[in-house]
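Along the sequence shown, residues carry numbers from 1.
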Amino acid sequence: MTEKLPYTEGLNEPQEEAVLYVDGPLMVLAGAGSGKTRVITHRIVHIIHQGIAPHNILAVTFTNKAAKEMRERVVNLTQKYFPSDRAVIDSYPVVTTFHALGVRLLREFHEHMGLRRHFTIYDRSDSQKAVKQAIEHAGYNPKEFEPRKILGMISRAKGDAMTPLEYKDAANSYPEQVTAEVWEKYEETLRAEHALDFDDLLAKTLKLLKENKNVRETLQQRYKYIHIDEFQDTNKVQMRIAELLVGPEQNICVVGDIDQNIYSWRGADIKNVLQFERHFPRVHTILLEENYRSTQTIIAASNDVIKKNQNRVEKNVFTNNHEGEKLALYAGMTGTDEAEYVALTAKGLIADGADPASIAVLYRTNFQSRSLEEAFINMDVPYQLLGTKFFERKEVKDVLSYLRLALNPGSNADLTRVINEPARGIGKVTMLKVVEGKQGELNAGAAAKVKVFDDIMLDIAKVAKEKSLSDTIKFIMERSGIESHYREEGTEEALERIENLRELVTLASRFNDLPPEEAVEQFIENAALQSDQDEMKEKEEQNAVRLMTIHASKGLEFPYVFITGLEQGLFPHERLDDGRIDNEEERRLFYVALTRAEKKVFLTYAHLRTIFGSQRVNVPSEFLNDISREHVEQAEPEGRGHNSGYETTIYLD
């Protein structure tokens, strides 16, 4: 019997096979919680053990956090297994992200690309300003063609490995033709400024590899063994970069899970996994199906859900962990009831000895966090919101500033925040004169722009004194141009901002019984105090329940997980702009949410939910019907579970 290598101790059979298979292309399809990072890091150790120099090994992942963690694990393993080998200790493998790799290569080979070694990297704000100028230089009006939307179209095209010329030739609509012209002007600005934007870090790297055979061959010799983590999240450019970096031996290992492909809206291309064999016909595929994280019940439920998808590679995740508790299902009468159940149940778990940080509350869209935060505050349960707090979100602060300015025209802080939000062409010099009370010194053009804003504020002030608070918030969204601005932008982020503003209307409706001006005062005071309390809690309570979107939870794990808002139209989510639902991606998102849990899952929804100030009767999410009833029990408000009533909870006529 062959003696087991020390760094393969504790690996299961498929994990060990993946670690030891080093020659030729390898695809590891790793189910949730199956130890994929362990496989990559131990595989790197094995390659070094085979006599390959560490600097000849490349591992690429998607986030700085993931790269940092992987790098630390590789360093610890090499120090453990090669403690006295200076050649190994002094020469670590390259563990990085795609974008950081792009910067590294473009700086090294800058002359081939006509770049300065220390080129500027534009952030999103820089790019947006440059695109606005490009729109004007192309002879168009930035008010008619939203710079952020144009930039989004350019970004998506770059992610699809298109050049400006290819995009121009393929443009078949007026907005695409305009974008093609703007893109050309935008590129001129980037060249003149010796700058690259975030997407260029990949697009220019691809161009470097495609057009420079010597560079390509140099890098193929340098990176003899390539690993790509989270392969399901790669876009077309990243796939092409990987292909060109791989040498004739095709020593590439990709690790991913097609069932966790949840970023198609960012350009992630599921075909990279499904069609990997076309690119590398000799590929050997290994399935990692044993889950080390979750109970048998959670795994069975997640398998029930994901097997409904058609675009996937068939695998059946299993676990040798204990059976565990059934999934709890709670149907609140309202969204407030649902939030109170979540907070109360979390409080009960903590009272029974659970660490607050061992509990995660997940939701599909950011606006849902507001009622959950309120319930956690009322129940005095420590929590931490991952992401921006509701009242600290830009769009919410903008609308509150309009409201405050209507009440107090002397508030310069609110004036400077919203006078050009959305953009009205009011420059800094003009703004300064307005703040200083020198409007009489403005030229006719600037004075006209300021008058437009003054008229908006007069209208808002009038409505705020006469209408209900929720109607006032709706009016601000419309009259200020904020809502139409985000609708025209059309990005996923912009549509989510609209949903957050709709949630603000819902919150405002609670004050509709008060006289209008008193309602405004109390609402502003309530928002300010809640925000302050949230900040204090986050600073004081490090050990707290985590509240986050499902997208933000990817890669994390918690003993206890609440998945909220399981209603048709909310999860699976219906897009605001076109009413479309991508059922397969939404189901993958639900699968990701389920597989974050180690011990217990709580599923919740509300029969009635107030959205945009109006109550909506909800149909439970179709995903609930995907789960076999034997894995679920109905939960009572006190958190007590029983087996009856599941059918009537799920099916509503």
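Without hydrogens or angle criteria, Thr319 side chain to Asn291 main chain gives a donor-acceptor distance under 3.5 Å. Here the side chain of Arg364 pairs no donor or acceptor atom with the backbone of Leu570 at under 3.5 angstrom. Using modelled atom types, one side-chain atom of His110 and one backbone atom of Leu115 make a donor-acceptor pair closer than 3.5 Å. Judged purely by atom type and a 3.5 angstrom limit, Arg596 uses its side chain to pair as donor or acceptor with the backbone of Leu556. With hydrogens and angles ignored, the 3.5 Å screen pairs a side-chain donor or acceptor of Arg293 with a backbone N or O of Thr595. A donor-acceptor contact shorter than 3.5 Å is absent between the side chain of Ser628 and the backbone of His631. With hydrogens and angles disregarded, no donor-acceptor distance shorter than 3.5 Å links the side chain of Glu16 to the backbone of Glu13. In terms of modelled atom types and a separation under 3.5 Å, the side chain of Asn56 and the main chain of Arg222 share a donor-acceptor contact.
Side-chain contact between Arg587 and Glu622 is present, with at least one heavy-atom pair separated by less than 4.5 Å. Side-chain atoms of Val237 and Phe98, non-hydrogen and from C-beta on, never get closer than 4.5 Å to each other. Side-chain contact between Asp229 and His227 is absent, with no heavy atoms from C-beta onward closer than 4.5 Å.
For the 3.5 Å distance criterion, the side chains of Gln15 and His42 fail to qualify, holding no donor opposite an acceptor. Under 3.5 Å, the side chains of Tyr167 and Glu184 contain no donor-acceptor pair of N or O atoms. Under 3.5 Å, the side chains of Tyr7 and His49 contain a donor-acceptor pair of N or O atoms. There is a side-chain donor-acceptor pair under 3.5 Å between Glu489 and Thr491. Residues Thr179 and Glu176 have side chains that never bring a donor and an acceptor to within less than 3.5 angstrom of each other. Side-chain contact of Asp199 with Ser155: a donor-acceptor pair under 3.5 Å is present, judged by distance alone.
When all heavy atoms of Gln368 and Gly565 are compared, the pair lying nearest together is NE2-CA, 3.7 Å. Summarising the geometry of Ser127 relative to Leu151, their closest heavy-atom pair is CB-CD2, 3.8 Å, with the distance given to 0.1 Å.
Under the ring-ring contact (aromatic ring centres under 6.0 Å, His included) criterion, His99 pairs with Phe198, not counting sequence neighbours. With sequence neighbours left out, the ring-ring contact (aromatic ring centres under 6.0 Å, His included) criterion links Phe590 to Phe571, Phe623.
Under 4.0 Å is where a charged nitrogen must lie from a carboxylate oxygen, and between Lys158 and Asp197 at least one such pair does. Between Lys68 and Glu72 a salt bridge is recorded (basic side-chain N to carboxylate O distance below 4.0 Å). Ion pairing of Arg104 with Glu108 is absent here, as no side-chain N (NZ or NE/NH1/NH2) approaches a carboxylate O to less than 4.0 Å. Here Glu585 pairs with Arg588 in a salt bridge; the nearest charged N to carboxylate O distance falls below 4.0 Å.
Counting non-hydrogen atoms of other residues, nucleotides and ligands closer than 6.0 Å to NZ of Lys599 gives a total of 12 or fewer. Counting non-hydrogen atoms of neighbouring residues, nucleotides and ligands closer than 6.0 angstrom, the CZ atom of Arg278 reaches no more than 12 such neighbours. Residue Glu277 places its CD atom among 12 or fewer non-hydrogen atoms of other residues, nucleotides or ligands, all under 6.0 Å distant. Environment of CD in Glu9: crowded, with over 12 heavy atoms of neighbouring residues, nucleotides or ligands closer than 6.0 Å. Atom CD of Glu243 has more than 12 neighbouring heavy atoms from other residues, nucleotides or ligands inside a 6.0 Å radius.
No option in Leu589, Ile306, Ile550, Val305 other than Val305 meets the side-chain contact (heavy atoms from CB on, under 4.5 Å) test with Leu594.
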Practice task
Please assess Glu217 against Gln220 for the test side-chain contact (heavy atoms from CB on, under 4.5 Å), listing each intermediate value before the final yes or no.
Solution key: CA-CA 5 Å; Glu217 290 178 348; Gln220 288 172 353; 4.3 Å; yes

